[in-house]
Amino acid sequence: MAEADIRPTNFIRQIIDKDINEGLHTNIQTRFPPEPNGYLHIGHAKSICLNFGIAQDYQGQCNLRFDDTNPEKEDIDYVNAIQQDVSWLGFNWNGDVRYSSNYFDALYEFAVELINKGLAYVDFSSKEQMRELRGTLKEPGKISPYRNTPARENLALFEKMRGGQFKDGECLLRAKIDMSSSFMCMRDPALYRVRFAHHHQTGDKWCIYPLYDFTHCISDAIEGITHSLCTLEFQDNRRLYDWVLSNISIDTTPHQYEFSRLNLEYTVLSKRKLIQLVEENHVDGWDDPRMPTIAGLRRRGYTSASLREFCQRIGVTKMDNMVEMSMLEACLREELNADAPRAMAVLEPLKIVIENYSSDDVENLTAPNHPADTSKGNRIVPFSKEIFIEAEDFREEANKKYKRLVLGKEVRLRNAYVIKAERVEKDEQGNITTVFCSYDKDTLGKDPADGRKVKGVIHWVSASQGVAAEIRLYDRLFKLPNPAAEEEFLGCINEQSLVVKQGVVEPSLINAKLSMPVQFERTGYFCKDKDSQGDKVVFNRAVGLRDTWAKMDQG
RNA sequence: UGGGGUAUAGCCAAGUGGUAAGGCAACGGGUUUUGAUCCCGUCAUUCGUUGGUUCGAGUCCAUCUACCCCAGCCA
């Protein structure tokens, strides 16, 4: 069998296989349930690929459901951005977008059911009182004075809550479970709070809103979710999830399984921290190319396929993890090495004058768009007497390890001729301003006839035909592998995470489309940024090429 | 002895009683008009600890250790 047939397995898929084999389910139903209080990040991509991937592979369905029970923190802009990101990642949700708020009426009725069963009560204790009565991790909590209110009374109180007769935060509907449970979430958790807030979906219809633990399990059940997948920190909450479903009248019983969330080196993946980066302007918005958001990675130049591949490679387990950035970068490089057309761009231009080249000539050279894929065709690259090369590709003197242009020595211009550096011109400060060279006209597309060996190859752009471009070089946003472990994560922001270069690119790049990846030979993978306008062309570096030269002892 | 979880290479991660997959990273060598790519090779006598069961243990039992999560009217 082909390797492509080997599906990645994980403990969740094994549970599903077992459930199917035992006849527990014939159809698999999952859901991706983001709260619309921020943009999706690469950690969400892991969950999206898991949930939608399982639905695809088992011929099931995956719903997109906004878990919108906290209107004060949520926004319709996030609802829209999230849908765009899920679509861009390449997934289609089952039917219409769902909202937990679609179920507010049903949720209310289930709460009434619990009240009638004597399993929920309205509590007027203050936050402080409740915290005191809750006990600690090692000591049991104490019974609230409101815990034994008769059901009939609780029902009337709850109706008054809904009717707007209590102030914000004045009272709560609580489940009556076990104040001495070792699971803190079972010590009579809050089910509903009073909140006079406008909701992006339900407007001002409600002034009470259900909490996560009450809402999520019921929403899953209503949608017929079979496997409800979430992250490890909800493991204790599973007891409450099951308690709610076993105490209300509902047929389906979804089961919750937890996997570990993604941690990526040199970035942060907590909603709170990402919001802070945006709101305090440490980055330029949610789609800043340095952000680990889907929108940021997309703008940076990451493809959806490379993100999906990444999610496949990291796997799904219950182990705490910290994935190296190189894992992500390898996924992009692997795809783009095969697919991205090549071009030449000089990030830090140094002028070269080829003295024995006739001054009015502009020669249209032909260069392949891909060195290993001729089906990608060729492009025209203009060559002229004056060109730019990378400043770091010239040295007045160097040891033999340096395979670039050195005074008195030869080097190959990529897709063009062999040139030799004859002399340099410097300004008053001693900076090299121009290198005067000669070229060998018999080296286009072939080695020197006399058998001379020219070891280096450097890229270049015609000075007269090249196009000025702003080139943005991105690096990791933080200086430390685990900024979240710091007392103040903002303290380790990498000030060099964005370096802007005024470069020059070959003219074929004028036609580059936004976000279409291209390899600038010898420097990395780039894409045109949305900030490009009219004459101003901007390119983002998504990731550099592997660079063994940078790592070796260069003498 | 609060409870819930997790320990396999630098980082991910397979492994489900039969003798340690794979990927990333790293390191050698070859090819190369990208110091890229590609190719070839190296990289766990050992699975957190210590015991035990077994012909046989990463897998089973016990013990200890380390780390993560839980005391929101957040999700």
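Order of the sequence lines fixes the chain letters, A, B, ..., with proteins taken first and strands second; residue numbering starts at 1 for each chain.
Taking 3.5 Å as the limit, the base of B:rG22 and the side chain of A:R313 contain no donor-acceptor pair of atoms between them. No donor-acceptor contact under 3.5 Å links the side chain of A:E258 to the base of B:rG5. For B:rG35, the base has no donor-acceptor partner in the side chain of A:D547 [N/O atoms by modelled type, under 3.5 angstrom]. Side-chain atoms of A:R412 and base atoms of B:rU33 include a donor and an acceptor less than 3.5 Å apart. Side-chain N/O atoms of A:R342 and base N/O atoms of B:rU34 include a donor-acceptor pair closer than 3.5 Å. For A:R174 and B:rC73, a side-chain-to-base donor-acceptor distance below 3.5 Å is absent, hydrogens and geometry of angles not being considered.
Pair check for B:rU45 finds none; no Watson-Crick or G-U wobble contact set falls under 3.5 Å.
Mapping A:D168 and A:D447 onto RNA chain B via the closest heavy atom, the residue that lands nearer the 5' end is A:D447.
Glycosidic conformation of B:rG23 is anti; the angle lies outside 90° of 0.
Listed nucleotides: B:rA75, B:rC12, B:rA26. Nearest to the side chain of A:M322: B:rC12. In this structure, the nucleotide among B:rU34, B:rG4, B:rC73 sitting nearest to the side chain of A:Q519 is B:rU34. Candidate nucleotides B:rU33, B:rG5, B:rC70 were compared by shortest atom distance to the side chain of A:Q235, and B:rG5 ranks first. Here the nucleotide nearest the side chain of A:D320, chosen from B:rG5, B:rC74, B:rC24, is B:rG5.
Among the heavy atoms of the strands, none lies under 4.0 Å from A:K455. Counting non-hydrogen atoms under 4.0 angstrom, A:F124 reaches nothing in the nucleic acid.
Using atom P as the reference point in both B:rU59 and B:rC24, the two lie 29 Å apart (nearest Å). To the nearest whole angstrom, the two C1' atoms, one in B:rG18 and one in B:rG58, are 13 Å apart. Taking atom C1' in both B:rA21 and B:rC39, the straight-line distance is 22 Å, to the nearest Å. If you take atom P in B:rA13 and the same atom in B:rG2, they sit 31 Å apart, rounded to whole Å.
For the residue pair A:Y266 / A:E324, no side-chain donor-acceptor distance below 3.5 Å is found, with atom types taken as modelled.
Contact check, A:R195 against B:rC73: no side-chain N or O comes under 4.0 Å of OP1 or OP2.
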